Number of protein chains: 2
Amino acid sequence: MTDTAPRPTLEAVAARAGVSRATVSRVVNGGDGVRERLAERVRKAVDELGYVPNQAARSLVTRRHDAIAVVVAEPEARVFADPFFARQLRGISKELTAHDNQLVLLLTEGRDDHARVGRYLAGGHVDGALVFSLHLDDPLPKLIRSAGIPAVFGGRPDWNGDQRGVLYVDVDNRGGARDAVRHLAGLGRSRIAHITGALDQTSAVDRLDGYRDVMVDADPRLIVESDFTPAGGERAMRELLARRPDVDAVFAANDLTAAGALRVLRESGRRVPDDVAVVGFDDILPVAEQTEPPLTTVRQDIEEMGRLMARLLLRELDPRAAEERVGGTPSSVVLPTTLVRRASA
Amino acid sequence: MTDTAPRPTLEAVAARAGVSRATVSRVVNGGDGVRERLAERVRKAVDELGYVPNQAARSLVTRRHDAIAVVVAEPEARVFADPFFARQLRGISKELTAHDNQLVLLLTEGRDDHARVGRYLAGGHVDGALVFSLHLDDPLPKLIRSAGIPAVFGGRPDWNGDQRGVLYVDVDNRGGARDAVRHLAGLGRSRIAHITGALDQTSAVDRLDGYRDVMVDADPRLIVESDFTPAGGERAMRELLARRPDVDAVFAANDLTAAGALRVLRESGRRVPDDVAVVGFDDILPVAEQTEPPLTTVRQDIEEMGRLMARLLLRELDPRAAEERVGGTPSSVVLPTTLVRRASA
DNA sequence: GCGGGCGGTGAGAGCGCTCTCGACGACCCG
DNA sequence: CGGGTCGTCGAGAGCGCTCTCACCGCCCGC
């Protein structure tokens with residue numbers, strides 16, 4: 001343990017500035033109702049002493065923490081293959097920092113951890129939570145709700161039951177999927193297949209729905225279920241080639257899957273995009289740009305998504321905003337996507 | 001704001017169990033020196049009331065927070081292209097969770113943020129810090145030191161000045177590089193080139209040193225400086241082909257760079273590995289497995305690195321451990337690497 | 001010229017917890 | 001059988017802050 005010099009207290013600052021604790025407190029917290037002359041003297045004392053408020057003492061009385069929990073309930077796979085997660089965190093971090101809030105990160109590991117997270121959130125250590133829980137059967141949303149703590153979800157949660165007052169920020173997965181498939185159709189392709197993502201996640205379901213919106217009466221054999229992984233993409237593509245060797249386009253539920261599909265197509269002697277055009281989803285840069293050929297894909301602004309989630313939550317927490325909100329509660333947001341054309345379609 | 005029911009206090013539990021506050025506190029914190037009969041009664045009361053200790057009140061008196069900061073000082077690029085960061089976080093999170101510590105994440109954005117981070121750390125909101133700051137000129141290490149807060153660095157820091165007592169966990173970059181180059185030599189290659197990483201990071205410097213260890217008197221033209229990015233890898237590879245068209249192997253400082261190099265080699269009509277063998281570094285799965293051909297590379301156990309960093313810091317913070325430590329201060333760790341053979345070399 | 005406001009300031013009471021210290025039996029030894 | 005020791009527990013004093021409330025000048029209006 002490093003011995004830290006005893007940090008100056010409000011008391012010390014007050015003594016130095018020749019005022020009372022209350023006045024120093026007022027100045028430190030915005031300084032309303034303190035005459036400028038005095039305030040100036042206090043600020044000077046604060047600087048000289050290097051005073052930093054003790055957050056614990058402050059929280060004890062205000063019952064606020066200026067801290068937000070970010071709960072990530074991904075069992076390895078997805079989050080850690082993508083830089084996804086990092087991007088969202090960055091967006092969140094930016095927004096929180098701008099409002100002097102801290103980011104407490106909770107990563108969960110299997111079921112047991114849910115209890116721990118629930119306890120933590122219910123324990124009132126943070127003012128709110130941003131939750132990433134993309135699986136349909138996830139207990140987290142209920143847990144959060146029963147913890148009685150304000151929360152915003154990343155991605156549309158889809159649990160059975162009351163959805164009132166549930167805030168989330170999602171990407172327009174369905175619309176993005178439609179754009180992708182329409183793009184393929186616009187290229188003159190008619191036998192457009194879809195390799196789905198893991199269908200226990202709303203994003204995968206929505207992308208599939210988007211595909212169906214355009215391909216209203218597609219051959220069901222053109223739809224192959226997969227799991228968002230490259231290996232899954234390979235398997236699905238093989239299956240697809242067996243079912244419909246005449247397939248001339250593939251819309252994969254994400255870039256990783258598309259990369260797997262691309263490899264199988266190459267193996268099978270198909271040229272991309274000449275014989276089969278391929279579109280992915282996510283625009284994971286190190287992947288989408290590195291594939292052979294580079295991948296046409298649907299981009300989503302992940303960082304913005306994080307930023308928005310944080311903003312929504314902070315607004316929810318701010319009593320001032322709560323007043324303004326009368327008659328217009330803050331609502332969930334769905335972000336647009338854009339098609340990024342590269343060589344694969 | 002959600003109205004949270006007033007949470008029960010120690011006082012309430014004490015009343016219910018018919019004991020004093022002090023006794024409840026003892027039970028809650030391990031229960032030494034309390035007769036089992038009483039302790040049992042207290043635990044029952046805790047359960048019934050759903051009591052959760054107020055961390056703020058506790059911190060106020062103990063001056064401990066059971067929270068550590070993770071500071072990531074990466075200007076975008078590296079961290080967010082790799083799943084690197086996510087893996088490390090996971091390792092850290094696991095270890096911290098196991099010891100009931102919270103993880104406060106601080107991402108920095110340019111210079112201004114350093115001051116903010118410094119203030120935060122000096123403010124005594126956390127017990128220690130894990131710092132990722134891979135750039136030679138980074139002010140963070142000094143800042144941390146002057147904040148007087150225990151810290152462990154991820155990657156060997158390299159600032160001028162006193163290094164005593166500086167703890168870090170690093171990967172054996174130099175050894176891994178040696179292995180990579182020896183592997184290429186073992187394949188019968190003699191004109192082995194190296195595309196470096198950004199040389200303002202110790203990892204890049206160490207990898208270059210490892211290359212030099214084996215290629216003691218290599219043609220300097222075989223060494224091309226780059227920056228860890230795919231685009232940089234492409235540029236470097238072009239330069240290399242211009243300088244030494246007879247190059248028969250490339251050791252790239254990381255997988256992203258290798259992927260860029262691979263693309264240029266393909267363009268130029270070289271076959272990999274027949275004409276030119278390529279080895280990367282990091283084993284970033286979604287990249288290394290997706291390249292054409294799949295990349296032989298040097299793997300580092302990133303998650304373990306995070307775990308170790310946390311363990312080191314926690315030990316540093318634990319007064320008990322401090323006693324045991326007499327005569328043997330905890331020291332930095334360098335993790336081994338392993339060569340992963342795929343198709344590119 | 002005097003009372004009522006009012007803006008500015010200080011005194012003091014807690015927030016919920018830990019921890020020291022002293023009290024109090026029970027138990028042991030001589 | 002008396003004095004000391006040990007284990008167990010409660011009383012109470014803060015930790016550093018916010019916030020209410022009372023107080024004190026001063027300015028205004030009549």
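These numbers were taken from a predicted model, which means no experiment stands behind them. Letters A, B, ... mirror the listed sequences (proteins, then strands); counts begin at 1. Only heavy atoms go into these numbers, but all of them, side chains included; no hydrogens, no water, no symmetry mates.
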Measure the [atom1]-[atom2] distance between [X] and [Y] for me, rounded to the nearest 0.5 Å.
{"X": "B:L10", "Y": "B:Y51", "atom1": "CG", "atom2": "OH", "answer": "3.5 Å"}
{"X": "B:N54", "Y": "B:S59", "atom1": "CG", "atom2": "OG", "answer": "8.5 Å"}
{"X": "B:E303", "Y": "B:L89", "atom1": "CD", "atom2": "CG", "answer": "10.5 Å"}
{"X": "A:R87", "Y": "A:I92", "atom1": "CZ", "atom2": "CD1", "answer": "13.5 Å"}

(request) With the side chain counted from C-beta on, respond yes when A:V126 and A:I149 share a heavy-atom pair under 4.5 Å apart, and no when they do not. (result)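 Yes; the side chains approach each other to less than 4.5 Å.
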(request) Would you indicate whether the side-chain heavy atoms of B:I68 and B:L313 approach each other to under 4.5 Å? (result)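 They are in side-chain contact.
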List, with names and distances, any nitrogen or oxygen atoms from the protein found under 3.5 Å away from nitrogen or oxygen atoms belonging to nucleotides 20-28 of chain C.
none

(request) Apply ring-ring contact (aromatic ring centres under 6.0 Å, His included) to B:H65 and list each qualifying residue two or more places apart in sequence or on a separate chain. (result)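 With neighbours one apart ignored, the set is empty.
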(message) Holding to ring-ring contact (aromatic ring centres under 6.0 Å, His included), I want the full list of residues that pass it with A:H125, two or more places apart in sequence or in another chain.
(response)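 Residues passing ring-ring contact (aromatic ring centres under 6.0 Å, His included) with A:H125: A:Y120.
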(request) Grab the CG-P distance between A:L10 and C:dG10 for me, whole Å please. (result)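 These atoms are roughly 13 Å apart.
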(message) Rounded to whole Å, how long is the line connecting atom CG of B:L60 with atom C1' of C:dC19?
(response)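 Checked: the CG to C1' distance equals 13 Å.
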Could you list the donor-acceptor pairs under 3.5 angstrom formed by side chains in residues 96-106 of chain A, with sequence neighbours left out?
residue, atom, partner, partner atom, Å
A:T97, OG1, A:S93, O, 2.7
A:H99, ND1, A:E95, O, 3.1
A:N101, OD1, A:A67, N, 3.4
A:N101, ND2, A:H99, O, 2.9

(request) Would you kindly compare B:E11 and A:T23 by the position of their nearest DNA chain C nucleotide and give the one closer to the 5′ end? (result)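 The answer here is A:T23.
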(request) Please check if the side chain of B:N29 supplies one atom and the backbone of B:S25 the other of a donor-acceptor pair under 3.5 Å. (result)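 Yes, B:N29 side chain to B:S25 backbone: donor-acceptor pair under 3.5 Å.
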(request) Under 4.0 Å from any heavy atom of chain B: name the first and the last nucleotide of DNA chain D that qualifies, 5' to 3'. (result)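 Contact boundaries, 5' end first: D:dT8 to D:dG16.
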(message) At a heavy-atom distance below 4.0 Å, what parts of residues 45-58 of chain A sit against DNA chain D?
(response)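 DNA chain D contact set from residues 45-58 of chain A: A:Y51, A:P53, A:N54, A:A57, A:R58.
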(request) Select from B:L38 and B:V61 the residue whose nearest nucleotide in DNA chain D is closer to the 5' end of that strand. (result)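 Result: B:L38.
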